[in-house]
There are 2 protein chains.
Amino acid sequence: MAEKTFLANKLKSAGLRMTPQRKLILSILDETSDHLDAEEVYRRAKKLNSKLNIATVYRTLNVLKEMDLIEQRYFARDHGVEYYETVTKGEHYHFTCLGCRKIIEVETPKIKQVQAEFAALTGAQFTHACVCFEGYCADCVDSEESFTL
Amino acid sequence: MAEKTFLANKLKSAGLRMTPQRKLILSILDETSDHLDAEEVYRRAKKLNSKLNIATVYRTLNVLKEMDLIEQRYFARDHGVEYYETVTKGEHYHFTCLGCRKIIEVETPKIKQVQAEFAALTGAQFTHACVCFEGYCADCVDSEESFTL
DNA sequence: ATATTAATTGCAATCCATTCGCAATAAGTG
DNA sequence: CACTTATTGCGAATGGATTGCAATTAATAT
């Protein structure tokens, strides 16, 4: 209920309305540790609201993103699809295994350091960094032999 | 001529053929320091070969990418468009100014360090990193007042 | 040089994630 | 409860990138 009120208040102060769809979609992202794309959010949400439309999912994801409740991410080199996760996690980046498609979270302060150094050097101000790594996880390095070196 | 032979040889050893289109498209990327998307490569190439088709540009960019002659990049948070640059430059990343759309190149060893540390820690093997920064350059920070903090 | 054959091109159609227009619906105010 | 306007559902549209296919052309063998 605290959370519901939080979302409702955030929406209200932006002149937006609380709707079952918005509540549902945020709760799905809040309660998973998976990394979901819009299609998967839609799939999961539709189980609980069969009338839900994919356009609403996209619109809601954009609203939640603008309100800084979720983060949009890209995984892997092919950026054809956007993924979403809640902002409650700390700073982290993603490594996608090309073998098993597993996503491993990478924690490091170095990205922020790069930003700080570059900002100090040039006077620029950072608003966002997109970082994603690609390769083969230990398991797949062991089992697979052929990939680009 | 040395370069032409280099491309021809690379193509040949992959079972591919040297064509005027491929030579043209690589030369455009080789001779510019701009960051071009497929559309812009097409625009520039079409001036020299008016029959050229955009599909050929996309196919050629993919060929050149697979042969590690060019790198595909994304700039800024909105990854709707892919950009290309030759691999002849050293390791660097990109900062996109949301004010003036200028792209500033960022040189730092820290990204490679993150990869090395994570590889040592987990046994994973990296094949690619996608890193792009977004914000406001010094000029735009000075002149603009309103942006997300 | 010429013939051969498989890669490549140009063109149009297609894909697919995401967005948009719009009429119907529903949230929040008074 | 009524009213206003944000929001939804639906289908159509968008736009960058890809693909199928017949015509063309590069590279090889003759």
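Every chain is numbered from 1, with letters handed out A, B, ... down the list of sequences.
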Original post:
Between atom CD in Glu39(A) and atom P in dT19(C), what is the gap in whole Å?
Top reply: 13 Å
**OP:** Send over the distance from Lys65(B) NZ to dA17(D) C1', rounded to a whole Å.
**Re:** 11 Å
Original post:
Listed by chain and number, what are the side chain to side chain contact (heavy atoms under 4.5 Å, CB included) partners of Glu31(A), not counting sequence neighbours?
Top reply: Ser27(A)
Original post:
Quick one: side chain to side chain contact (heavy atoms under 4.5 Å, CB included) partners of Arg101(B), sequence neighbours excluded?
Top reply: Ala76(B), Thr96(B), Leu98(B)
Subject >> Residue list, side chain to side chain donor-acceptor pair (under 3.5 Å) with Thr88(A), at least two apart or on another chain >> reply: Thr86(A)
**OP:** Round to a whole Å and report the spacing from CG of Asp37(B) to P of dG15(D).
**Re:** 14 Å
**OP:** Report the distance from atom OG1 of Thr60(A) to atom NZ of Lys23(A), rounding to the nearest 0.5 Å.
**Re:** 13.0 Å
Original post:
For the pair made of CD in Glu40(B) and P in dA17(D), what is the distance, rounded to whole Å?
Top reply: 13 Å
Subject >> Inter-end axis angle, the helix from dA1(C)-dT30(D) to dG30(C)-dC1(D), with every axis fitted to five base pairs (rounded, 10 degrees) >> reply: 40°
Original post:
Over how many whole Å does the gap from Asn49(B) atom CG to dT9(C) atom P extend?
Top reply: 10 Å
**OP:** With sequence neighbours excluded, tell me which residues meet salt bridge (Lys or Arg N to Asp or Glu O under 4.0 Å) with Glu40(B).
**Re:** Arg43(B), Arg44(B)
Original post:
Got a sec, which residues hit side chain to side chain donor-acceptor pair (under 3.5 Å) with Arg59(B), two or more places apart in sequence or on another chain?
Top reply: none
**OP:** Round to the nearest Å and state the distance from Leu64(B) atom CG to dT8(C) atom C1'.
**Re:** 14 Å
Subject >> Length of the CD-C1' vector between Gln72(B) and dA17(D), whole Å >> reply: 11 Å
**OP:** Grab the OH-C1' distance between Tyr42(B) and dT9(C) for me, whole Å please.
**Re:** 13 Å
Pairwise N/O distances under 3.5 Å, protein to nucleotides 26-30 of chain C:
unit_1, atom_1, unit_2, atom_2, d
dA27(C), O3', Met18(A), O, 3.1
dA27(C), N3, Arg17(A), NH1, 2.8
dG28(C), OP1, Met18(A), N, 2.9
dT29(C), OP1, Lys12(A), NZ, 3.1

Original post:
Closest nucleotide of DNA chain D for Gly80(B) versus for Leu11(A): which of these residues is on the 5' side?
Top reply: Leu11(A)
Subject >> Short side-chain donor-acceptor distance under 3.5 Å, Glu134(A) and Tyr136(A) >> reply: no
**OP:** Measure from the side chain of Thr56(B), starting at C-beta and using heavy atoms only, and say which of dT9(C), dA17(C), dG9(D) lies closest.
**Re:** dT9(C)
**OP:** Please list, chain by chain and in numerical order, all residues satisfying ring-ring contact (aromatic ring centres under 6.0 Å, His included) with His35(B), sequence neighbours excluded.
**Re:** Phe75(B), His94(B)
Original post:
For Glu82(A), which residues count as a side chain to side chain donor-acceptor pair (under 3.5 Å) partner, sequence neighbours excluded?
Top reply: Gln72(A), Tyr74(A), Tyr84(A)
Considering only nitrogen or oxygen atoms on both sides, find all protein atoms under 3.5 Å from nucleotides 18-21 of chain D and state each distance.
unit_1, atom_1, unit_2, atom_2, d
dT18(D), OP2, Asn62(B), ND2, 3.3
dG20(D), O6, Arg59(B), NH1, 3.3

Original post:
For residues 38-61 of chain B, which residue pairs qualify under ring pair (Phe, Tyr, Trp, His ring centres under 6.0 Å), counting only residues two or more places apart or in two chains?
Top reply: none
Subject >> Phe95(A): ring-ring contact (aromatic ring centres under 6.0 Å, His included) partners, not counting sequence neighbours >> reply: Phe118(B), Phe126(B)
